[in-house]
Each structure stands twice: as structure tokens, then as C-alpha cells.
Amino acid sequence: MRKHYSKEDIMELVNDEDVEFIRLQFTDMFGSLKNVAITASQLEKALDNKCMFDGSSIEGFVRIEESDMYLYPDLSTLAIFPWRPQQGKVARMICDVHRPNGDPFEGDPRYILKRAIREAADMGYTFEVGPECEFFLFHTDENGMPTTLTHEQAGYFDLGPLDLGENARRDMVLTLEDMGFVIEASHHEVAPAQHEIDFKYDEALATADNIMTFKLAVKTIAKRHGLHATFMPKPKFGVNGSGMHINMSLSKDGKNIFNDPSDALGLSKEAYYFIGGIMKHMKGMTAITNPLINSYKRLVPGYEAPVYIAWSATNRSPLIRIPAARGEGTRIELRCPDPSANPYLALAVCLRAGLDGIANKIEPPASVDCNIFAMTDEEKKERGIEAIPGTLIEAIYELEKDEFVQEVLGKHVSSKYIEAKKAEWANYRSQVTDWEINQYLNQF
């Protein structure tokens with residue numbers, strides 16, 4: 001759980017720990033971490049929310065005419081980077097972005113998640129989330145640039161000497177623990193050079209902040225080992241891609257409300273409605289949970305990634321799985337998101353879609369407890385099983401159709417996001433790939 005610091009606590013800690021630089025971090029709409037670095041002498045000004053930056057230089061924020069933005073540090077996010085020098089240390093605080101008049105900036109992804117959390121709180125709920133973040137560790141070339149090369153052949157749960165990334169992964173775990181993370185598991189994933197580190201669930205805002213910190217730490221430690229850590233969903237053809245499964249539960253008065261021992265599957269009405277809400281809005285949410293052109297190279301049959309909008313408590317092929325744990329561990333696992341997603345936006349759309357299910361009592365269809373990939377198109381059609389969008393542009397068209405998901409993001413972000421992703425698609429569509437040359441040059 002987070003520590004609650006006062007301004008005085010922070011000033012004292014920075015002084016006692018010999019912190020020289022403080023990075024004021026925030027996130028753009030694509031989930032890229034940005035920061036303004038200040039020296040300890042400027043700390044008081046920052047704690048008084050007087051630290052300004054140029055919002056027009058951040059894609060998707062604002063035009064030049066309204067560019068002044070202020071950073072309001074969240075004091076509970078103070079952390080010292082263990083990988084920086086121990087004299088003149090470097091610390092960070094995650095910030096909310098505000099306009100000069102003090103209003104929260106509607107294009108700040110952290111604000112969008114906070115708004116969704118507030119809606120849950122108004123209904124009496126706390127949203128708790130545990131992510132499973134996968135990534136690849138690749139070699140760098142002689143100029144230090146990333147490659148997709150690896151010499152290792154390790155597979156799922158393997159350990160050294162097959163797993164060359166094991167030392168790097170151990171360092172990552174120790175570094176994260178130094179920063180206050182509770183690491184529940186870390187192991188080698190299915191593909192060579194693929195790894196997973198799982199940290200303990202927390203309230204949604206803390207989890208989204210933690211995912212951003214996690215990515216920064218993993219990339220930093222990998223670099224120290226001469227490796228490149230990538231959260232790109234599908235960096236290599238022919239092997240599994242990287243996902244970021246999201247385990248979700250709602251609690252009320254400290255009790256997990258998805259749990260109901262009297263139900264055949266141990267699930268409450270709210271749990272079923274939450275599933276129903278996510279299934280209803282899944283197509284419109286996909287552009288957020290899977291935001292890259294490359295995301296859709298992972299979401300193909302044959303590599304354990306889910307493609308079909310269905311749920312099950314016994315089977316791993318659907319989009320939504322109910323893990324075996326019951327009681328306080330009862331949770332809903334959404335399996336399609338990948339680690340390139342902006343965690344603030346991804347958790348906001350998941351939460352609000354689930355709450356829509358609860359508010360409107362949206363019943364999910366019957367669970368699908370057989371392997372969907374083995375079903376014929378006819379069988380899928382009979383059971384009304386639909387697929388998630390197959391490409392980024394399809395996902396964007398679905399987002400344009402789902403006014404509810406657009407409302408979750410707010411007018412500012414939804415319009416800027418759709419515009420940026422359409423431009424990304426147009427750029428991609430105009431490329432000629434090696435596959436096309438190999439396939440067609442000789443034939444036609």
C-alpha cells in the first residue's frame with residue numbers, strides 16, 4: 001500500500017537521503033512516460049504545484065495557443081531510483097496535469113482513470129487490479145541499438161543455464177522490490193528470450209502507476225546488462241507475442257463482491273454483469289487495450305492469444321477467464337490487452353465497461369468451455385461468438401461506433417487518439433513489406 005507523505009515529509013526525506021534531482025513524471029495519451037527534471041532547490045516550488053511545462057510539445061495534449069500546463073505531484077508516489085548514483089540520488093514523483101486555472105487537464109490519462117475510479121466509488125466500489133506483464137530481452141548491436149536477436153533457447157518456466165536473461169531478470173526483481181513492489185512471481189515465458197514478472201494487485205490508480213514504473217525499471221536494468229527489453233506485442237514471427245493480462249475485482253466495505261459461494265461457479269451477480277459489460281464494449285475498447293498495428297499480429301490463432309469474445313471458468317482460449325481462486329481471490333482476467341497499452345486508459349475503459357454492465361444488469365452469454373479455436377465458423381456463428389477486431393483500423397472504426405467508450409476517454413482524448421491512429425494506419429498501409437516482395441515480385 002502507498003505511503004502518505006506530507007510536503008514536510010518529502011522535504012525532509014529528500015534532504016536526509018541526499019536526493020539531488022527529482023523527476024516529475026507524467027504520461028501522454030500513448031502511454032509514453034515523460035518527465036521534467038528539477039533540482040532539490042526547486043522542490044518546494046514543485047510541491048506548491050507551481051512547476052510548469054509546455055503542453056504543446058506533447059503529442060495529443062494541446063495547441064500552442066494554450067500550451068502552459070502545470071504538474072501537481074502525487075506525494076504518495078515518491079520513489080528513489082535504486083539504479084542511480086548513491087551520492088546525489090535521483091527520485092521521482094508521478095504528477096497530474098492541470099491547466100493554469102487549476103482545472104484538471106482533460107487530456108491527462110491519469111485524470112481519465114481517476115474519473116472512472118470516482119464513478120466506482122460513487123457506487124460504493126473499489127477497483128483492484130493485478131497485471132501480468134510480459135516482455136522480450138534481446139541483444140543490442142555494436143552501436144547499442146536494439147535487435148531481435150537472442151542466443152537463448154529457453155522455454156516456459158525453464159531456468160539457467162538455458163536462460164541468459166535470468167541474471168537480468170533477477171536484478172529487475174531486486175530493483176523493483178527496492179522500490180516497494182511486492183513481486184509475486186517471475187519466470188521465463190513460452191518463447192525464447194520472453195519473460196514475465198508479476199507484481200501484487202493494488203487499487204487501480206496505484207497499479208497503473210506501477211505498470212509505468214515497472215516498464216521504466218525493466219528497460220533500465222536490461223540496458224545495464226547489455227540487453228534491450230521490449231514491450232512490443234509481437235517482435236518475432238512464429239513465436240508467442242507478449243500480453244498483459246489484467247486481473248480485476250471489485251470490493252465493497254473490504255469484501256470482494258465478485259465472490260458468491262452459493263453460485264455454481266462461485267460468482268456473484270455483479271461478477272456476471274461486469275463480464276457482460278466488458279463483452280458488450282470489447283470491440284470498442286480494443287483500440288485502447290491493443291493500441292498498435294503490431295498488437296494485431298499477436299492476436300491470431302495458434303499462439304495462445306485470445307481472439308474471440310467469450311468467457312469461461314475452465315478454458316484458456318476465450319477472451320475472459322475466471323481463474324480458479326475463490327473467496328477474496330475471485331477475479332476476472334481479461335486476456336487480450338498487451339503491454340504497449342496506456343495502463344491508465346486501459347484500466348479506465350475496463351472499469352467503466354464493467355460498471356456499465358452492473359448498472360444496466362447486462363447478462364453475459366453462456367460460458368464457452370471448449371476450445372474455441374477448434375470450433376468451425378458455423379459452430380461459432382450458432383453460438384453467437386464474435387471475434388475482436390483483426391486490425392488496428394477495424395478497432396478504430398469500432399471505437400468510433402461505441403459512444404460509451406468515447407465518453408470514458410472524454411472528447412479531447414478520443415478525437416485526438418482516433419486521428420493519430422488513423423494517421424499511423426495510413427502510414428503503415430503505404431509501406432511495401434518484404435513479405436509482399438517475396439510473395440509477388442516473381443509471380444506477377
Side-chain angles (χ1 to χ4, degrees), residues 1-3 17 19-28 30-37 73-74 76-86 88-95 109-110 129-138 140 144 146 163-189 193-202 205-233 235 242-246 337-344 346-347:
M1 295 306 282
R2 291 222 155 137
K3 291 181 177 148
E17 290 280 346
V19 172
E20 189 51 49
F21 295 98
I22 298 103
R23 290 193 193 167
L24 303 175
Q25 297 179 334
F26 61 100
T27 303
D28 72 7
F30 303 117
S32 296
L33 195 60
K34 306 288 180 187
N35 72 183
V36 173
D74 179 336
S76 69
T77 63
L78 179 76
I80 293 172
F81 291 144
W83 58 82
R84 298 298 292 177
Q86 291 309 292
K89 293 176 187 170
V90 180
R92 74 88 204 266
M93 285 186 284
I94 294 174
C95 301
R110 203 166 185 265
V129 185
E132 299 171 32
C133 294
E134 296 173 349
F135 56 94
F136 281 87
L137 287 175
F138 290 129
T140 51
D163 177 359
L164 295 179
E166 198 175 352
N167 285 343
R169 194 175 72 223
R170 190 195 61 209
D171 267 11
M172 289 165 188
V173 169
L174 294 174
T175 301
L176 289 162
E177 285 183 335
D178 255 2
M179 295 182 76
F181 280 69
V182 177
I183 304 297
E184 296 197 318
S186 86
H187 58 84
H188 200 288
E189 259 300 333
Q194 191 184 32
H195 301 265
E196 179 178 313
I197 298 176
D198 302 334
F199 48 90
K200 190 173 165 60
Y201 73 90
D202 207 331
L205 188 65
T207 294
D209 288 342
N210 284 343
I211 291 170
M212 295 306 297
T213 305
F214 172 85
K215 288 185 184 178
L216 176 66
V218 164
K219 282 183 169 292
T220 304
I221 302 304
K223 206 167 184 179
R224 299 228 144 164
H225 283 262
L227 296 167
H228 174 72
T230 182
F231 292 95
M232 180 179 174
S242 291
M244 183 177 71
H245 299 168
I246 297 178
D338 68 56
S340 68
N342 180 327
Y344 300 102
L347 296 189

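Everything numeric in this text was worked out from a predicted model, so none of it was measured.
Within 6.0 Å of atom NZ in K89, more than 12 heavy atoms from other residues, nucleotides or ligands are found, so the atom counts as buried in its surroundings.
By the ring pair (Phe, Tyr, Trp, His ring centres under 6.0 Å) test, F231 is found to be paired with F135, residues two or more places apart in sequence or in another chain being considered. For the side-chain hydrogen bond (donor to acceptor under 3.5 Å, both in side chains) test, residues two or more places apart in sequence or in another chain that qualify with S340 are D338. Applying the side-chain hydrogen bond (donor to acceptor under 3.5 Å, both in side chains) test to S76 and every residue at least two apart in sequence or in another chain returns D74. By the side-chain contact (heavy atoms from CB on, under 4.5 Å) test, M212 is found to be paired with T27, L33, P343, Y344, residues two or more places apart in sequence or in another chain being considered. In this view, D198 and E132, A185, E196 satisfy the side-chain contact (heavy atoms from CB on, under 4.5 Å) rule, not counting sequence neighbours. Remark: R23 pairs with no residue by the side-chain hydrogen bond (donor to acceptor under 3.5 Å, both in side chains) rule, at least two apart or across chains. Contacts of N342 classified as side-chain hydrogen bond (donor to acceptor under 3.5 Å, both in side chains), with partners at least two apart in sequence or in another chain: none. Applying the salt bridge (Lys or Arg N to Asp or Glu O under 4.0 Å) test to K219 and every residue at least two apart in sequence or in another chain returns nothing.
Rounding to the nearest 0.5 angstrom, the gap separating the CG atom in L137 from the CD1 atom in I221 is 11.5 Å. Rounding to the nearest 0.5 Å places CD1 of I246 at 6.5 Å from CD1 of I211. The CE atom of M93 sits 14.5 Å away from the CZ atom of F26 when rounded to the nearest 0.5 Å. In this structure, CD on E134 lies 11.0 Å from NE2 on H195, to the nearest 0.5 angstrom.
T207 places a side-chain N or O within donor-acceptor distance of the main-chain N or O of D202, the cut-off being under 3.5 Å. Of the possible polar contacts, none joining the R224 side chain to the A168 backbone as a donor-acceptor pair under 3.5 Å is found. Using modelled atom types, no side-chain atom of T230 and backbone atom of F136 make a donor-acceptor pair closer than 3.5 Å.
Contact check for Y201 versus V129: no side-chain heavy atoms found under the 4.5 Å cut-off. Counting heavy atoms from C-beta on, the side chains of I80 and E17 come closer than 4.5 Å. S242 has its side chain out of reach of P233: every pair of non-hydrogen atoms, C-beta onward, lies at least 4.5 Å apart.
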With a 3.5 Å cut-off and sequence neighbours excluded, list the donor-acceptor pairs that the side chains of residues 171-182 form with protein atoms.
{"residue": "D171", "atom": "OD2", "partner": "H225", "partner atom": "NE2", "Å": "2.8"}
{"residue": "T175", "atom": "OG1", "partner": "D171", "partner atom": "O", "Å": "2.7"}

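When every heavy atom of C95 is checked against every heavy atom of P73, the shortest pair comes out as SG-CA, 3.7 Å. Heavy atoms only, all atoms of each residue included: G88 and E20 are closest at CA-CB, 3.5 Å.
Considering I22, T213, L24 as possible partners of R92, the one that fulfils the side chain to side chain contact (heavy atoms under 4.5 Å, CB included) test is T213.
Within the structure, salt bridge (Lys or Arg N to Asp or Glu O under 4.0 Å) contacts touching residues 207-217 (residues at least two apart or in different chains) are R2-D209, R110-D209.
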